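Each remark here refers to the structure printed beneath this line.
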Amino acid sequence: MDEQALLGLNANADASYRQRASAYFEQLKQSQDAWQVCAEALAKGIYSDDHVKFFCFQVLEHQIKFRYAVLSAAQHQLIRETLVKWLQSQLINAQPEKVFIRNKAAQVFALMFVTEYLTKWPKFFFDILTVVGLNPRGLDLYLRMLMAIDEEVVDRDIAHTPEETRRNTLIKDTMREQCIPNLVESWFQILQTYQHTNSELTCQCLEVVGAYVSWIDLSLIANDRFVNMLLGHMSVEVLREEACDCLFEIVNKGMDPVDKTKLVESLCQVLQSAGFFNIEQEEDVDFLAKFSKLVNGMGQSLIVSWTKLVKTGDIKNAQDTLQALEAKFPLMLQLLIHEDDDISSNIVGFCYDYLHILKQLPLLTDQQKASVEAIMLAVMKKLTYDDEYNFENEGEDEAMFVEYRKQLKLLLDRLAQVSPELLLEAVRRVFNTTMQSWQGTPFMEVEVAIRLLYMLGEALPASHGAHFSGDVAKASALQDMMRTLVTCGVSEYQHTSVTLEFFETVVRYDKFFTVEPQHIPNVLMAFLDHRGLRHSSPKVRSRVSYLFSRYVKSLNKHMNAFIEDILNRMQDLLELSPPENGFQALLTSDDQLFIFEAAGVLIVNSEYPAERKQVLMKNLLTPLMEKFKILLEKLLMEQENEERQAALADCLNHAVGFASRTSKAFSNKQTVKQCGCSEVYRECLQTFVPVLSCPVQKEVLRGGVRTFLHRMIICLEEEVLPFIPTASEHMLKDCEAKDLQEFIPLINQITAKFKAQVSPFLQQVFMPLVQAIFEVLARPAEENDQTAAMEKQMLRRSYFAFIQTIASCGMNEVMGNQGAENIERVLFTIIQGAVDFPDPVAQKTCFVILSKLVELWGGKDGLVGFVDFIYKHIVPACFLAPMKPTFDLSDAQTVLALSECALTLKMIHLKRGPEFIQYLQQEYLPSLQVAPEIIQEFCQVLQQTDSKVFKNYVKVFFQRARL
């Protein structure tokens, strides 16, 4: 072997050696027989360096995985012999191999097994067991091989091709017939021999049993000798976690419901008499987490059995199973309320499914009602934060608790389905008790009390949040709690979690304030002062900004009396903070968007006369425009410092974004005009559009102005039109694929909205836009540049969407007046899009365009030469596209494209009549070698009036044609 190259395998080797090693690896992988030196090195133990041994196994792995079919029978034999010799050497070597080498070896053995077991090496396990006997090193490798085989053949998390799935099924069937009893016997011998002397090997073996039990005959494992041994392991500290997992797999195995109940019950009896149900005496939380998972498995297995027995009408056995199930309830509850969340989380599934059973029962016994209440109290207790939770710097532990809380929320929702009255009463009790003395109560208890009130909103369903009407008992209970929440002063509690929960709940139950609007001023004050938008925590300020805008949107009709006061109090929060003044603003620019939106909503929906609204809107927007002009000047003067340019551009963009956001309060032009606000938004346009000619930071600045124009098209309607030509001209200069792709929707919006009004502008901008698109699409890109390829695909789609918009709006003159050469060029791109690019979304759009153009120009007085184009290009496109191998008729998007293709043919028939049928019968279809009877059939279906029949026929036609 190339010793110099092998030096590069070491992680500390320098780059040139590593490069050489990589090249050598490629050479050995690909060569006809050079790999055999690796086989020899392994068989004879030539190298002691771990990296070289690993390298040799990798080369062998490549041969088995990718070149097995081209190797000779002698070479197959060589690989088998190499592996067996290497295994034999492991029993006598002074030191065992490192774990990473043992794992790689096991993978290579497993690959050889799946490749040859059914054909050349049926005695694989016999040979391996003959070599290893009861040698612990050999058994370690044998067990690793079994786990690697499980990964290759059984593991459902690994994606397999249909071919591999068939092969794996055959391997499992053959193993069940030929060797599984022997393997199970070997496991029993390993466990019996090493359970007291080698815990590592015993745990490995238990893991193997757990992995294989899901698909082998359960009676081989679920029998006295095996189960008794496993139960014995449950009392050995180093083995019990693995034993627990193994028992879990046994319990989880699908089987007859009566037998399953018996198995679970016998296990439970032994575990209980061995003292495992005394949870409070167990201190090892890792073991308890496994035990909790086992109890969960047993509980869920009994529930599955109960469900099956009820379905088959076996009432007696169903009753016995339910009794067995309810006997586990005290244990389940102990695990659910355990202070360790992992232990609690592992039992939630059993708890959830048990409640599902109770939901199905016609009447609950007193015992079952007590169980429901016990679960309820457990959930309320477990929802509570603990002292360690870090609110300022949430890490992995905090994220896990948030996930665990989601599980508990599902339990609460299920409790509400079983007994809504009970849940409402329990929450009410906890809530009222806590709120009466919130000042002296720890934050976690206050937070959870409010949280429970919040969660009721989702647990007790109400249409459109109408929790305060309908069911009187529920409405009055919720109303009482909400009244208490907003009047008891808890919004002053000095903890971020309580503050956030308070605001979340106030917004969750906004409908309460329509019933009792007298509380709105106090809640507004909480939003606006140190409790909300001016809180010391940025996290609270940020969330409250969003919640405040929702609160205002929902209840502005009740705020008329306080609007100017609110606007004054928000004044400093509505300032554009320039990039240079270094001090930290209270709100980020993203948060400010919500405040501007809220301000707009308050002004627009107020009961003020139009003149007053106009003044208030000007007061809101004029400072933005003034700052914008100053910042733009600074940006134009900033030649050198790119970082400073970016900061200024961001700030300009924020100003445009804020102005856009205020306009969200308007629904259409009427309200803009009614409020007298057209003028101030026109001024904004005059202020913002010049930024498009700025030579630096184009992407950021264009993005903001483009969004603003979209909004103004809705708000100002035709008053926006004078600004569009200049804006378009600037946006089409030096643009990238992404710029164009984002600009086209703006043109489409204008086209669809103003139609004939913008025809002169569109005729003028049409070719410059199309040429800009063609130019960007024609730019060369790196072969492997996925991003560039994706951007081009999206641009191509946008281009076709643009043509579709023009055609669909009946504005054929826009294309018709572009000169014959340009029209032809555009038409060919549409044909190309329909046929050549394997993108069903774009193909569908292209067929829609072609159909529309046939409708517009395919008649007697259409565009000169277009009929010729139909026969020479559109008709062939309708047949060539579906015949492409990339046109996948099993894909939903492609089927939609095919439907549009069929409708295009229908449209040609509609416009050209018998002439088209004659062309298909006598010229086009015969040229494709279509049989005369099929041609006849095709033309008959095409002439039927029902498009759906033809669409279905076309699919079958092309499926047949491709056979």
Side-chain angles (χ1 to χ4, degrees), residues 1-2 5-6 9 21 24-93 96-98 100-132 137-153 163-164 167-168 170-171 174-175 178-179 183:
M1 286 173 89
D2 181 342
L6 293 178
L9 295 172
Y24 185 47
F25 182 45
E26 290 307 313
Q27 178 196 334
L28 286 178
K29 280 196 313 191
Q30 301 310 331
S31 96
Q32 244 356 82
D33 45 20
W35 60 270
Q36 293 176 12
V37 296
C38 293
E40 187 186 3
L42 286 172
K44 295 182 177 172
I46 295 172
Y47 292 96
S48 60
D49 186 299
D50 292 334
H51 296 289
V52 177
K53 293 182 213 170
F54 189 82
F55 173 80
C56 290
F57 272 120
Q58 277 183 305
V59 173
L60 271 194
E61 180 181 37
H62 185 85
Q63 298 306 311
I64 303 167
K65 225 178 196 173
F66 302 109
R67 300 194 64 251
Y68 183 86
V70 298
L71 299 179
S72 66
Q75 287 174 314
H76 293 160
Q77 181 64 26
L78 172 68
I79 296 177
R80 284 195 291 280
E81 285 172 2
T82 299
L83 291 175
V84 172
K85 278 181 189 164
W86 179 85
L87 184 60
Q88 286 166 334
S89 70
Q90 297 311 299
L91 311 186
I92 51 176
N93 284 354
E97 294 289 7
K98 297 260 177 38
F100 76 96
I101 293 176
R102 283 183 266 164
N103 284 340
K104 177 52 76 179
Q107 283 171 359
V108 176
F109 272 96
L111 266 179
M112 202 57 185
F113 169 78
V114 295
T115 309
E116 293 202 334
Y117 177 63
L118 295 170
T119 50
K120 298 185 174 170
W121 202 354
K123 290 173 69 188
F124 177 89
F125 289 112
F126 178 79
D127 291 350
I128 300 297
L129 284 167
T130 305
V131 170
V132 302
R137 275 201 217 162
L139 290 174
D140 170 89
L141 285 158
Y142 161 63
L143 293 169
R144 286 178 198 275
M145 284 176 217
L146 285 169
M147 287 310 288
I149 288 168
D150 175 72
E151 216 166 275
E152 286 287 338
V153 177
E163 191 47 53
E164 286 171 340
R167 176 205 69 189
N168 292 347
L170 199 54
I171 288 175
T174 311
M175 282 178 72
Q178 293 178 0
C179 66
L183 294 187

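When reading the values below, keep in mind they use all heavy atoms of this one structure, side chains included, and skip hydrogens, waters and symmetry mates. Bear in mind the structure is a predicted one, so any value in this text is a computation, not a measurement.
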For E81, give me all partners under side chain to side chain donor-acceptor pair (under 3.5 Å), at least two apart in sequence or on another chain. Q77

Whether the side chain of R137 engages the backbone of L91 through a donor-acceptor N/O pair (distance < 3.5 Å, no angle test) should be reported. no

Which salt bridge (Lys or Arg N to Asp or Glu O under 4.0 Å) pairs, counting each pair once, include a residue from residues 107-117, with sequence neighbours left out? R80-E116

D50: side chain to side chain contact (heavy atoms under 4.5 Å, CB included) partners, not counting sequence neighbours: K53, E97, K98, F100, I101

Ring geometry between F109 and F124 (parallel below 30°, tilted from 30 to 60°, perpendicular above 60°): perpendicular

Partner set under side chain to side chain donor-acceptor pair (under 3.5 Å) for E61, not counting sequence neighbours: K104

Quick one: do V153 and E164 satisfy side-chain contact (heavy atoms from CB on, under 4.5 Å)? Show the steps, please. CA-CA 8 Å; V153 177; E164 286 171 340; over 6 Å; no

With sequence neighbours left out, write down each residue that passes side chain to side chain donor-acceptor pair (under 3.5 Å) with R102, or none if nothing qualifies. D140

Got a second to check how far D150's CG is from M145's CE, nearest 0.5 Å? 15.0 Å

For C179 versus Y117, what's the shortest heavy-atom pair and its separation? SG-OH, 3.6 Å

Please check if the side chain of H76 supplies one atom and the backbone of Y68 the other of a donor-acceptor pair under 3.5 Å. yes

Within a strict 4.5 Å, meaning less than it, do heavy atoms of the Q107 and L111 side chains meet? no

Examine Y47 together with F55 and report whether their ring centres are nearer than 6.0 Å. no

Which value, rounded to the nearest 0.5 Å, describes the distance between N103 atom CG and L141 atom CG? 9.5 Å

Would you please classify the geometry between the F66 ring and the H62 ring as parallel, tilted or perpendicular, with 30° and 60° separating the classes? tilted

List for me each residue that meets side chain to side chain donor-acceptor pair (under 3.5 Å) alongside N168, sequence neighbours excluded, and say none if there are none. none

Give me the atom names and distance for the closest heavy-atom approach of Y142 to L183. OH-CD2, 3.4 Å

Separation of S72 OG from L78 CG (nearest 0.5 Å): 8.5 Å

Tell me the closest heavy-atom pair linking A39 and T82, and the distance in Å. O-CG2, 3.3 Å

Could you report the tightest heavy-atom contact between L42 and C56, atom names first, then the distance? CG-CB, 3.7 Å

Is the ring pair F113/F125 parallel, tilted or perpendicular, if the boundaries are 30 and 60 degrees? tilted

